[in-house]
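Shown next, in structure tokens, is the structure this report addresses.
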Amino acid sequence: MVKQEICGFSLYRIPAGKGKRYARVDGKVIPFFTHKCEAHFKAKRNPRAYRWGGLYRRKREKQQKEHKKAKRIVVKSTVVSRGIAGVSMDEILKKKNEKPEVRKARQEAAIRALKAKKKEAAEKKKAEKATIRAQQQQQQKHAKKALSKGNPQKPKISGKSR
């Protein structure tokens, strides 16, 4: 929500994009809602003397007082332990309370399993590359045989020589 300023003379709320700002010599910036407010301020008039101003209304208690704020009800929060993302609280506590050696051993086992899986995938890829390479070599041999069966002479290039 956009911050609304308050007029320096009438105490009206100034919506965004409206009003004027007046900078004093001492550096204080005073926002005004209308030219009327600005003129009264510059003429050094007392804002309590004008019925339309906010200070007059406050002084004579014309303005409706804001509702009394309701008493805050303080609810003490209690810690509730429950599972997270499908994992029960017992499993969480079990993992929390297990010894570091056991945890480390489980991690190492998981890492070994991942490495074995990666190695297996790499070997499979290597085997596929080898079969593809072998097929390409066979095709090249067949192509060479087909060329050798044809005309053994080099093709003549037509054109004039010097």
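Note that the numbering runs from 1 along the sequence shown for the chain.
Atom OG1 of T131 sits about 11.5 Å away from atom NZ of K129, to the nearest 0.5 Å. Between the CD1 atom in I132 and the CD atom in E128 there is a gap of 6.5 Å [rounded to 0.5 Å]. Of the inter-residue distances, the one linking K95 atom NZ with D90 atom CG reads 13.0 Å to the nearest 0.5 angstrom.
Pairs passing the side chain to side chain donor-acceptor pair (under 3.5 Å) check and including a residue from residues 99-123, sequence neighbours excluded, read E98-R106. Contacts classified as side chain to side chain donor-acceptor pair (under 3.5 Å) and involving residues 31-47 (residues at least two apart or in different chains) are given here: K20-E38, E38-K42, H40-R45, N46-R48.
Other residues sharing a hydrophobic cluster with I14 under the 4.5 Å side-chain heavy-atom criterion for ILVMFWY residues are F9, Y12, Y22, I30, F32, F33, F41, Y50, W52. Applying the under-4.5 Å side-chain rule to Ile, Leu, Val, Met, Phe, Trp and Tyr, the cluster around L114 consists of that residue alone. Hydrophobic cluster of V102: no remaining members, since no ILVMFWY side chain lies below 4.5 Å from it.
Legend: residues meeting side chain to side chain contact (heavy atoms under 4.5 Å, CB included) with V74, ordered by chain and number and at least two apart, are absent. Applying the side chain to side chain contact (heavy atoms under 4.5 Å, CB included) rule to I6 yields the partners L11; only residues at least two apart in sequence or on another chain are considered. Every residue two or more places apart in sequence or in another chain that forms a side chain to side chain contact (heavy atoms under 4.5 Å, CB included) with V29 is listed here: R21, A23. Qualifying side chain to side chain contact (heavy atoms under 4.5 Å, CB included) partners for D26, counting only residues two or more places apart in sequence or in other chains: R24, K28.
The two residues P31 and E5 have their closest heavy-atom pair at CB-OE1, 3.6 Å.
A distance-only check finds no donor-acceptor pair linking the side chain of S10 to the backbone of C7 [under 3.5 Å].
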